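What follows is a single structure, written as structure tokens, with notes after it.
Computed from a prediction, not measured in an experiment: that's the story for all the values here.
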Amino acid sequence: MSTVNCGASKYKASGFRLLPFVFCFSFLVFCHSATAQQKNDSLSRPTVGLVLSGGGAKGFAHIGVLKVIEEAGLPIDYIGGTSMGSIIGGLYAMGYSPEAMIQLVKEQNWNAIMSDAIPQKYISIDDKLLDRHYLATFPFRNKKIQMKSAIYDGEMINLLLARLTSPVYKIRNYNELPIPYLCVAADIENAEAYEMTKGNLQRSIRASMSIPFYFAPVELDGRLLIDGGLRNNFPVPNVREKGVDIIIGVDVQRDFHKKDELASMAIIMDQIIAMADIDAYTKAKEDVDIYIKPELAKFGMMDFNLYDTIITLGEIAARQKLPQLKRLADSIRNIQDYKIERPDVKPLDSVYVVDLKIESANEESSTFVRKSFAKNYPTMMSINDIETSIMRIYATGYYKHIWYEFKPAAKGVYLVLHCQEKEEESVSVAAHYDTDYGIGILANVTLKNVLNFPKRSTLSADINIAEDPYFKLRLHSNVSQRYKYGTDISVISLFMNQYDDKVINNSYSVQDNRLDLFMEYMPALEQQFRLGVVANYVHLRDNLVHVVDADNYDFIAHAYINYHINNEDSPTYASRGWKLNVNGKYIMPVIEIEDGTRMRNSFVVRCDFDGAIAMGEKNSLKLGATLGTSIGENELPLSYQFFLGGQSHMKYFDNIISFDGLKFTQLYGNHIAIGKISWQSNFYKNIYGIIDFNGGYVANNYDIWFADDSFVLGCGLTLGMKTMAGPVEISLTASNRCSGLVGFFNVGYWF
């Protein structure tokens with residue numbers, strides 16, 4: 001039995017026999033017109049409310065239900081939603097059609113949105129080079145390691161919601177939307193549900209869908225809010241309290257899982273949300289007049305890429321109720337004829353910005369943010385331009401909780417940017433193994449915006465506990481979006497062998513101690529110019545010569561200039577884009593030769609090019625070339641020569657170049673010219689394969705640079721799998737300089 005509320009009266013309906021009620025209601029309208037007038041000034045017919053539950057990705061089913069409701073010609077007078085239901089319900093209340101919502105869903109990169117992944121085009125060259133994927137990151141406050149409040153800040157979902165709600169930026173009372181609307185969040189401090197009917201619509205929706213521990217909570221109206229599903233995932237009472245007579249409820253929550261099904265964090269979280277409001281949920285179901293529950297048992301709350309199937313299942317479930325929905329529509333029309341008029345809503349393309357206002361930031365930080373927008377106001381701005389500027393700021397890592405809103409102005413809008421500097425101390429851990437460098441455990445400590453000087457600084461320390469250990473200390477400061485300066489200090493130990501075929505003919509232990517002072521200019525995020533000077537103290541031990549003078553100590557200084565451009569779409573598995581890195585070093589060694597003189601200065605030039613061309617959705621062709629040479633009368637110090645061989649991409653020295661079919665650092669020389677071509681295919685889910693062909697020359701002298709004896713040719717086959725811990729790869733390679741096959745195995749991201 002369900003209850004239908006008409007003002008102060010209650011009517012019971014067995015199953016859905018609402019037709020007698022509607023005729024009864026018609027009589028009551030004439031007898032109790034005052035009550036009807038008090039309930040709704042504009043309607044003398046029963047009002048219909050729609051309640052959409054939360055359920056993560058399963059909430060896409062609401063769109064399919066809305067298609068059928070529109071087909072039935074049924075008017076919706078009020079909408080209430082929680083979590084994903086608040087998003088779909090809010091969009092429909094604004095005026096988006098089901099077809100428009102389906103198109104919006106298809107256009108999104110849900111993997112990037114749900115993982116808060118910053119698009120590569122917004123990441124600076126330095127951050128791409130220092131790209132890290134840690135196994136765990138912990139905030140460090142008050143000398144204690146703590147847990148983060150959530151895995152992700154939710155910046156990508158902030159931008160999406162701001163864009164989608166842009167057509168109604170003037171509306172602050174949700175009763176003024178084309179369809180009156182409410183959504184529900186959970187107040188984590190007071191442990192209660194919090195209904196939102198006024199304010200900034202995008203922030204209300206963002207609060208309602210803040211999945212606990214996954215997305216950061218939202219501070220709103222003096223409250224700290226998280227996903228409303230924890231306290232009221234099916235807000236039927238809230239909509240009933242608005243004076244709605246007939247309620248259609250769409251429930252996308254899963255039934256409770258058995259213990260052997262609770263095998264992932266997403267499923268466990270789904271169960272926790274369902275458990276948290278079980279009593280309220282049960283009562284809400286009893287108070288629904290038309291209950292629609294799509295069959296979604298096989299789907300989880302994080303299955304966002306299965307939107308097509310989920311939407312279809314929502315439509316199938318609603319279509320089973322279509323006769324009842326049509327009868328209700330006809331009965332209501334018999335009482336009072338109506339015409340459903342829906343606005344044609346779509347996100348704004350651009351706005352006329354009168355001025356930029358920055359909130360929650362100090363004066364110095366506001367100046368930095370304002371420069372990042374680089375506009376003279378008033379001006380016309382596209383939503384794309386606004387998002388680009390915000391992503392550039394967010395990608396620096398110096399700010400958190402960045403979101404924007406429009407506020408009406410006399411001749412346009414004020415662009416109001418809410419941002420807060422990130423004062424963060426964190427400890428991170430990563431692990432990696434490959435057959436070239438062995439096993440490594442990396443511990444990182446990073447301090448952002450903690451130092452009073454320099455401003456917007458990052459102090460970062462790496463300790464790699466490994467067979468080849470290193471320590472790196474970086475202090476970088478952004479003067480603006482375009483200018484940066486800093487210093488890098490490193491102490492690196494590495495064991496290196498050279499081979500004749502597979503026989504070791506040289507073996508060295510190198511300890512490289514380096515101080516690098518630099519300045520950078522970034523004309524665009526994808527480009528970087530760097531000027532720097534380096535003081536380099538190198539201890540080189542010849543492991544094959546067991547005599548006193550087997551140790552060499554070299555002090556080498558060099559100045560360098562570097563130009564780098566990179567627009568690849570991924571740092572680990574690029575399928576499109578290219579990068580170019582040109583580097584010149586003027587080397588000034590302070591090395592005594594046997595006669596007491598000094599080695600003369602020399603100049604080293606190196607150019608690297610890599611490009612990826614997408615061949616459909618799962619395949620890509622990659623091309624690469626490396627050209628390096630030294631100009632001078634003397635042979636380069638060993639630590640500055642080019643080393644060729646191995647498959648690892650660990651970031652120890654920039655003069656170690658991978659090559660198929662060669663042992664790690666097998667060949668070396670003053671001059672190198674290498675070309676590479678490969679085909680990579682993501683042929684099954686997270687499993688991929690790569691076929692490589694490498695060829696070129698490596699030599700010590702110009703006169704034999706392109707001689708037959710300097711030619712090297714290699715090929716390889718790699719099978720890999722993408723995992724949360726990084727790629728797992730196994731390779732078999734061969735070359736003309738090494739007999740038999742050379743194997744390579746890698747687990748984890750490079751660092």
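For Leu230 against Pro212, the heavy-atom pair with the smallest separation is CD1-CG, 3.7 Å. Across every non-hydrogen atom of Met94 and Leu177, the tightest pair is CG-CD2, 4.2 Å. Contact between Val184 and Thr82 at its shortest, heavy atoms only, is CB-OG1, 3.7 Å. Minimum interatomic distance between Arg206 and Gly154 (heavy atoms only, all atoms of both residues): NH2-CA, 3.8 Å. Between Pro217 and Leu224, the shortest heavy-atom contact is CB-CD1, 3.6 Å. When every heavy atom of Val354 is checked against every heavy atom of Ala409, the shortest pair comes out as CG2-CB, 3.8 Å.
At least one side-chain heavy atom of Met301 sits under 4.5 Å from a side-chain heavy atom of Ile211. The shortest side-chain heavy-atom distance between Asp287 and Phe234 does not fall under the 4.5 Å cut-off. Looking at heavy atoms from C-beta onward, Tyr394 lies out of side-chain contact with Tyr122 at the 4.5 angstrom threshold. At a threshold of 4.5 Å between non-hydrogen side-chain atoms, the residues Ile88 and Leu66 count as touching. Contact annotation: the side chain of Pro178 approaches that of Pro343 to within less than 4.5 Å [non-hydrogen atoms, C-beta and beyond]. Side-chain contact check for Thr446 versus Thr458: some heavy-atom pair is nearer than 4.5 Å. Ile102 is listed as a side-chain neighbour of Ile311, based on a closest heavy-atom distance under 4.5 Å. Residues Tyr96 and Leu104 have side chains in contact (heavy-atom distance under 4.5 Å, counting atoms from C-beta outward).
Asp187 places no side-chain N or O within donor-acceptor distance of the main-chain N or O of Arg223, the cut-off being under 3.5 Å. Judged by distance alone, the side chain of Ser208 and the main-chain N or O of Ser83 form a donor-acceptor pair under 3.5 Å. Side-chain N or O atoms of Asp289 include one that pairs as donor or acceptor with a backbone N or O of Ile247 at under 3.5 Å. The closest donor-acceptor contact from the side chain of Glu189 to the backbone of Leu225 lies at 3.5 Å or more, if one exists at all. The main-chain N or O of Ile393 is found under 3.5 Å from a side-chain atom of Thr396 such that the two form a donor-acceptor pair. Between the Asp303 side chain and the Leu306 main chain, no donor and acceptor come within less than 3.5 Å of each other. The backbone N or O of Asp153 lies less than 3.5 Å from a partner atom in the side chain of Asp116, making a donor-acceptor pair. Formation of a donor-acceptor pair under 3.5 Å by the Trp110 side chain with backbone atoms of Val105 is found in this model. Arg370 places a side-chain N or O within 3.5 Å of a backbone atom of Leu356 that can act as its donor or acceptor partner. The backbone N or O of Leu348 sits less than 3.5 Å from a side-chain atom of Ser166, completing a donor-acceptor pair.
With Tyr414 as the aromatic partner, Lys357 meets the cation-pi criteria of under 6.0 angstrom to the ring centre and within 45 degrees of the ring axis. Figure legend: Arg203 and Trp403 shown as a cation-pi pair, the cationic atom lying under 6.0 angstrom from the six-membered ring centre and within 45 degrees of its axis. Both the sub-6.0 Å distance and the 45° axial angle are not jointly satisfied by Arg392 relative to the ring of Phe373.
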Begin with the C-alpha distance, continue with both residues' side-chain angles, and end with the deciding distance and a verdict on side chain to side chain donor-acceptor pair (under 3.5 Å) for Tyr291 and Asp251. CA-CA 8 Å; Tyr291 179 70; Asp251 181 9; 2.5 Å; yes
Between Ile246 and Thr47, is the side chain to side chain contact (heavy atoms under 4.5 Å, CB included) condition met? List the steps. CA-CA 6 Å; Ile246 302 167; Thr47 51; over 6 Å; no
Take Met209 and Ile157, measure what side chain to side chain contact (heavy atoms under 4.5 Å, CB included) needs, and give me the verdict at the end. CA-CA 10 Å; Met209 51 75 59; Ile157 200 72; 4.0 Å; yes
Checking side chain to side chain donor-acceptor pair (under 3.5 Å) for the pair Ser428/Thr137: CA distance, chi angles, key distance, verdict? CA-CA 4 Å; Ser428 304; Thr137 297; 3.0 Å; yes
Could you walk me through whether Tyr404 and Gln202 satisfy the side chain to side chain donor-acceptor pair (under 3.5 Å) test, starting with their C-alpha distance in whole Å, then the side-chain angles of each, then the deciding distance to 0.1 Å, before giving a yes or no? CA-CA 10 Å; Tyr404 74 92; Gln202 61 157 310; over 6 Å; no
Quick one: do Asn200 and Arg172 satisfy side chain to side chain contact (heavy atoms under 4.5 Å, CB included)? Show the steps, please. CA-CA 6 Å; Asn200 183 288; Arg172 296 287 164 157; 3.6 Å; yes
Could you go through Ile76 and Ile79, starting from their C-alpha distance and side-chain angles, then the distance that decides it, and tell me whether this counts as side chain to side chain contact (heavy atoms under 4.5 Å, CB included)? CA-CA 7 Å; Ile76 300 298; Ile79 297 179; 3.7 Å; yes
Test Lys346 against Glu107 for salt bridge (charged side-chain N to carboxylate O under 4.0 Å, His left out), laying out the working first. CA-CA 14 Å; Lys346 59 182 179 180; Glu107 291 172 353; over 6 Å; no
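Using a 4.0 Å cut-off between charged nitrogen and carboxylate oxygen, Asp245 and Arg240 do not count as a salt-bridge pair. The pair Arg342-Glu99 fails the salt-bridge criterion, with no side-chain N (NZ, NE, NH1 or NH2) lying under 4.0 Å from an Asp/Glu carboxylate O. Taking the charged nitrogens against the carboxylate oxygens, Arg163 and Glu387 do have a contact shorter than 4.0 Å, which makes a salt bridge. Taking 4.0 Å as the cut-off between side-chain N and carboxylate O, Glu195 and Arg231 do not count as a salt-bridged pair. Remark: Lys198 does not engage Glu176 in a salt bridge, criterion side-chain N to carboxylate O under 4.0 Å.
The line from OH of Tyr78 to NZ of Lys242 is 4.5 Å long, rounded to the nearest 0.5 Å. Glu219 contributes atom CD, which lies 12.5 Å from atom NE2 of His418 (distance to the nearest 0.5 angstrom). Here the straight-line distance linking atom CG of Asp227 with atom CD1 of Ile188 works out to 11.0 Å at 0.5 Å rounding. Residue Ser477 holds its OG atom at 11.5 Å from CG of Leu459, rounded to the nearest 0.5 Å. For the atom pair CG of Asn305 and CE of Met302, the computed distance is 10.0 Å after rounding to the nearest 0.5 Å. Of the inter-residue distances, the one linking Asn444 atom CG with Tyr134 atom OH reads 3.5 Å to the nearest 0.5 angstrom.
Other residues, nucleotides and ligands contribute over 12 non-hydrogen atoms within 6.0 Å of the CG atom of Asn173. The environment of NZ in Lys67 is sparse: at most 12 heavy-atom neighbours from other residues, nucleotides or ligands sit within 6.0 Å.
Side-chain contact annotation: Tyr181 with Thr197, donor-acceptor N/O pair under 3.5 Å absent. No hydrogens or angles considered: nothing links the side chains of Asn233 and Ser53 as a donor-acceptor pair under 3.5 Å. No side-chain N or O of Asn232 forms a donor-acceptor pair with one of Tyr194 less than 3.5 Å apart. At a cut-off of 3.5 Å, with distance as the only test, a side-chain donor of Ser382 or Asp385 sits close to an acceptor on the other residue.
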